[in-house]
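Here is the naming used below: chain letters follow the sequence lines, and residue numbers restart at 1 for every chain.
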4 protein chains.
Amino acid sequence: MAQSDTVTRILDTAEVLFAERGFAETSLRNITSKARVNLAAVNYHFGSKKALIQAVFARYLDPFSQRFHTALDELEVKYKGDVIPLEVLLETMAGTVLAVPAERNSLKVFMRLLGLAYSQAQGHLRRYIQQQYGDVFTRFTELVRQATPELPDAERFWRLHFMLGTVIFTLSGLDALRDIAAKDYNEQVTVRDLVKRLRPVVVAGMNAPLPSAVDEGHYANACAS
Amino acid sequence: MAQSDTVTRILDTAEVLFAERGFAETSLRNITSKARVNLAAVNYHFGSKKALIQAVFARYLDPFSQRFHTALDELEVKYKGDVIPLEVLLETMAGTVLAVPAERNSLKVFMRLLGLAYSQAQGHLRRYIQQQYGDVFTRFTELVRQATPELPDAERFWRLHFMLGTVIFTLSGLDALRDIAAKDYNEQVTVRDLVKRLRPVVVAGMNAPLPSAVDEGHYANACAS
Amino acid sequence: MAQSDTVTRILDTAEVLFAERGFAETSLRNITSKARVNLAAVNYHFGSKKALIQAVFARYLDPFSQRFHTALDELEVKYKGDVIPLEVLLETMAGTVLAVPAERNSLKVFMRLLGLAYSQAQGHLRRYIQQQYGDVFTRFTELVRQATPELPDAERFWRLHFMLGTVIFTLSGLDALRDIAAKDYNEQVTVRDLVKRLRPVVVAGMNAPLPSAVDEGHYANACAS
Amino acid sequence: MAQSDTVTRILDTAEVLFAERGFAETSLRNITSKARVNLAAVNYHFGSKKALIQAVFARYLDPFSQRFHTALDELEVKYKGDVIPLEVLLETMAGTVLAVPAERNSLKVFMRLLGLAYSQAQGHLRRYIQQQYGDVFTRFTELVRQATPELPDAERFWRLHFMLGTVIFTLSGLDALRDIAAKDYNEQVTVRDLVKRLRPVVVAGMNAPLPSAVDEGHYANACAS
DNA sequence: GATGAATGAGCCTTCATTCAT
DNA sequence: GATGAATGAAGGCTCATTCAT
């Protein structure tokens, strides 16, 4: 078997199974048997299951990180010191996110993986992602800060995560939702359709009026934590 | 030991551990040893791990479902045939969601669990929730439909899920995000604060302009799936 | 619930399940749930699973033992000191065996149980049967001895067990064999039919010529144990 | 540890324990601890306990099936079209049965296993044996049919099973019976002795006169099932 | 470089039994 | 007299990992 064929086969199979079932629910046996590879190969090539999980992410995030840096470079050149508008920043990020897995025909898988990275109990994974790719996100949020000077820093932080939740939740649960949509609305939705639908919602969310301080304590009597 | 003390102790411990680690990563031994209860007690009282998971959800969703029905009844009486405004509907839902676990001092846990219900590979759980509580959500979405007659049905479906993602993603990942926010913005955020912040964003998202058909194919060259 | 209703329900259910699956494969839960009786009732009324197994046998063997003694009494009166012919002894035993469970409509179950008593790893059961009912069988074999004076004692011992094997094996596996027979020979066989078929074979087996000493060592080179 | 040493040790230990206690009463832990082998080795090499049980049988039945086919081939050559006498067929089967485990010094174990295969609630095992080795037995019964043209087909079917019961019941319960015989008749019986004793009985049983139709209903009043 | 074999820890579940009520 | 609750032991099986070859 060719040298890195095994490695590739493992990664290809692992990302699909991880995306389908989650990390804990996917055993190395599941992966190696479906990939028709020796069970010990995972530990041989990657060292451990954790390292395999990280490698699966790295295969997406390395090119993403690189392309996103390049795209931001180009934007900074184009706007040469002027503030880059929020819509442009969001479009750029969306474009890069879509571009990377497009080459691997598996945007859906990538989105599922991103969702899992947030929701599953894999502390090592969040630490790994933060450490390896934190700088791109830091750079991006700084540009967003410049594009939304009217937003308090904390508000911007939360709204970015609100919108992150919107996107990841939707795209990572795409299959299930798509089935419902297809049944109820007789509509075959593609990722492209969804992104088109997401755009105005995300922009509106980011530009929503600030919460009025008046409402404070509205639920105070109902919420203890 | 008091009659149903064991049952309660198991449920209390299970919901915390499930919320912290997920279902697959939490063993019955983890639960029973922390709850200082015999391992076999889980199977005696619940029948299986799956049934325990469902029971954990039922303890939240049963009262939620009941209260939400009641709240919607009251709204329908109050508006006697008139359309109930979207903001009122959203407030009512938020109020009910907050009220239920408030009595148990564990809104955070409830939100984590809801997030897990969507993201983890527990098909039985989604089936169970859909089957047991589907009707409340159906009733709610029908009222939302009447409140947003200008939205195409499919668009409303997707936007509701966009907003669901916003809320669940944020609140279920609350701890991690709160830590970051505390460090970067020196801010101790409560769930109440977050709900206050979420409200204008959700309303703005639901009321965002419809996506223009002109944009179609915008990312066509970047997205293969 | 009436006093001994529970006991009867347990015994009725237990004998059926034991006959179907064997002793180890039938749990007290199987029995009590099918009998719609409390799990603890078995230990309450019988003391242990072993005791339940013995009770199931006692319900058949007590009347059998009593009737067989009576039948042999009558034979001894009738033949007043003369030797009772082998055929008569065999017929009498067969008649008694058939008569007992006939009242409970479950000869098949009784035979399965007898087969299990021999084949399953329930040492306590063999000891129990030997201790409780050994005397009837001793009395019977003594009469057989008188009826077959030409047979060496050891030969008679073995032939009785050969024939016991014939009967128990056939009748205890009745269902499976009946299915095959029904399929291959288009024949719906009853227990009565089988007993009719067994009679000449058993008699011929008992009366077979003695093995010639010449044959000794015929398989010596083929058999090491 | 040598390559298949583990497999052999597991099989050797398993067949002894199965024969002594039955399948359900023998745990994998019993087997692996006695065989001084890791518990997981059973699942690694065999896949499941069921598969182990089947493997234990296969180790006897594979060579038996092969040898018996060969022996029947030789008989057909020798008798070139003529009918092979019943005695010869029975001797041939007996010889093959004795020859196979002789090499493994465990005829007794083999016989116990055969008895268990019939009496224990292991449906999968009967299915497996029928499927894997059904053809040899079909071939054998066809030759018996030619050797006993005077017997009605159904009668021959039942008599073969009568005799099968005789043999399996006796040989599978050998140890217990041998103990009794040793005590009562001061006789140390070997398997060879028993086979010598079985032969005339089996032949006489097969050749017994047909049951007279006159006797029909003899026990009719005594047998309800 | 790659793999078949083996391992120890842990999984969920079921068992017969006991006990307080 | 009868039962719901609880228990310790044991069941078969799967896991990620290691190791000799």
Side-chain angles (χ1 to χ4, degrees), chain A residues 1-7 23-32 37-53, chain B residues 1-7 9-10 23-32 37-52, chain C residues 1-7 23-32 37-52, chain D residues 1-7 9-10 23-33 36-53:
Chain A
M1 189 174 293
Q3 190 143 357
S4 64
D5 186 23
T6 300
V7 169
F23 305 117
E25 292 88 349
T26 303
S27 72
L28 295 188
R29 271 172 181 74
N30 291 153
I31 296 169
T32 54
V37 151
N38 186 277
L39 169 62
V42 168
N43 280 288
Y44 178 74
H45 287 290
F46 298 93
S48 71
K49 187 180 181 180
K50 283 184 181 179
L52 170 61
I53 294 175
Chain B
M1 187 174 293
Q3 188 129 359
S4 62
D5 189 22
T6 301
V7 170
R9 284 243 292 282
I10 291 174
F23 305 117
E25 293 87 348
T26 304
S27 72
L28 294 188
R29 276 173 178 77
N30 291 153
I31 296 169
T32 54
V37 151
N38 187 280
L39 169 62
V42 170
N43 274 77
Y44 176 74
H45 287 289
F46 299 94
S48 71
K49 188 180 180 180
K50 282 185 182 178
L52 170 62
Chain C
M1 187 174 294
Q3 189 142 357
S4 63
D5 188 23
T6 300
V7 170
F23 304 117
E25 292 88 349
T26 303
S27 72
L28 294 188
R29 270 172 182 74
N30 291 153
I31 296 169
T32 53
V37 150
N38 186 277
L39 169 62
V42 169
N43 280 287
Y44 178 74
H45 287 289
F46 297 93
S48 72
K49 187 179 180 180
K50 282 185 182 179
L52 170 62
Chain D
M1 188 173 293
Q3 188 130 359
S4 62
D5 189 21
T6 300
V7 169
R9 285 242 293 280
I10 292 174
F23 304 116
E25 293 87 349
T26 303
S27 73
L28 294 188
R29 279 172 178 79
N30 290 154
I31 296 169
T32 53
S33 71
R36 280 182 300 121
V37 150
N38 186 280
L39 169 62
V42 170
N43 274 76
Y44 176 75
H45 287 289
F46 299 94
S48 71
K49 187 180 181 181
K50 282 185 182 179
L52 171 61
I53 293 175

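No side-chain heavy atom of C:T6 sits under 4.5 Å from any side-chain heavy atom of C:N38. Side-chain contact between A:R29 and A:L39: present, with at least one pair of heavy atoms (C-beta onward) separated by less than 4.5 Å. Between C:V7 and C:F46 there is a side-chain heavy-atom pair separated by less than 4.5 Å.
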Subject >> Base versus backbone protein contacts along nucleotides 9-15 of chain F [heavy-atom cut-off under 4.0 Å; B, S, -] >> reply: --BBBBB
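With pairs defined as Watson-Crick or G-U wobble and both atom distances under 3.5 Å, the stems of at least three pairs that touch DNA chain E come out as E:2-21 with F:2-21.
With rounding to the nearest 0.5 Å, the separation of NZ in C:K49 from CG in C:N43 is 11.0 Å.
For D:H45, no side-chain nitrogen or oxygen approaches OP1 or OP2 of E:dG4 to under 4.0 Å. Contact between the side-chain N/O atoms of D:T6 and the OP1/OP2 oxygens of E:dA6 is found at a separation under 4.0 Å.
Here the closest heavy-atom approach between residue D:R9 and residue D:R36 is recorded as NH2-O, 3.0 Å. In this structure, A:S48 and A:V42 approach most closely via the heavy-atom pair O-CG1, 4.5 Å.
Judged by distance alone, the side chain of A:N30 and the main-chain N or O of A:S27 form a donor-acceptor pair under 3.5 Å.
Atom CZ in C:F46 sits roughly 15 Å away from atom P in E:dA16 (whole-Å rounding).
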